[in-house]
Amino acid sequence: MPEHERNEERQRLRPAPLLFEPSEATADPEHFFDLESMDDPRALLTRSTELALAFRAAADRAVEFQAIAAAQLADPRRFDRLTPADVAERAQWTEDYAKKMIEFGRDLLRDADTP
């Protein structure tokens, strides 16, 4: 996917800011971004959809950072580079998945270097 399309998709998937909850609220397992206190089902659907999309976008972005880190750790120019098996062990992935993530990270780094 070209970089401009990836950026457009990220923008589209960022409908709601993710706010940190106070520690007292997170101690209650039933509490989740104050959704349980919403009485209006329309508002509940809107806010829960916003959160679902924001979490999905955050997860996608985190995976991109995982791939970039994997590619950097496996970079053959590093004297302390890791093998795909080492990367897999650190990230708790299979070696095949680590190889795919390393390649994905290299693609992301390459795309970032091209204007």
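Any value given below was found using the heavy atoms of this structure, including those in side chains, with hydrogens, waters and symmetry copies removed.
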Sequence neighbours excluded, the answer for ring pair (Phe, Tyr, Trp, His ring centres under 6.0 Å) partners of Phe65 is none
Suppose we screen for side-chain contact (heavy atoms from CB on, under 4.5 Å). Which residues come up paired with Glu103, at least two apart in sequence or across chains?
Arg106, Asp107, Arg110
Hey, can you tell me if Phe33 and Phe55 have their rings parallel, tilted or perpendicular (30° and 60° cut-offs)?
perpendicular
Which residue pairs satisfy the side chain to side chain donor-acceptor pair (under 3.5 Å) criterion with at least one member in residues 67-84, sequence neighbours excluded?
Asp75-Arg77, Arg78-Asp80, Thr83-Asp86
Atom CG in Leu73, atom CG in Leu82: separation rounded to 0.5 Å?
5.0 Å
Roughly how far, to the nearest 0.5 Å, is CZ of Phe32 from OG of Ser48?
9.5 Å
Under 3.5 Å, sequence neighbours excluded: what are the donor-acceptor pairs made by side chains of residues 92-102?
| from | atom 1 | to | atom 2 | distance (Å) |
| --- | --- | --- | --- | --- |
| Thr94 | OG1 | Tyr97 | N | 3.1 |

Heavy-atom side-chain contact between Leu35 and Leu51 under 4.5 Å:
yes
Qualifying residues under side-chain contact (heavy atoms from CB on, under 4.5 Å), relative to Ala43, sequence neighbours excluded
Met38, Asp40
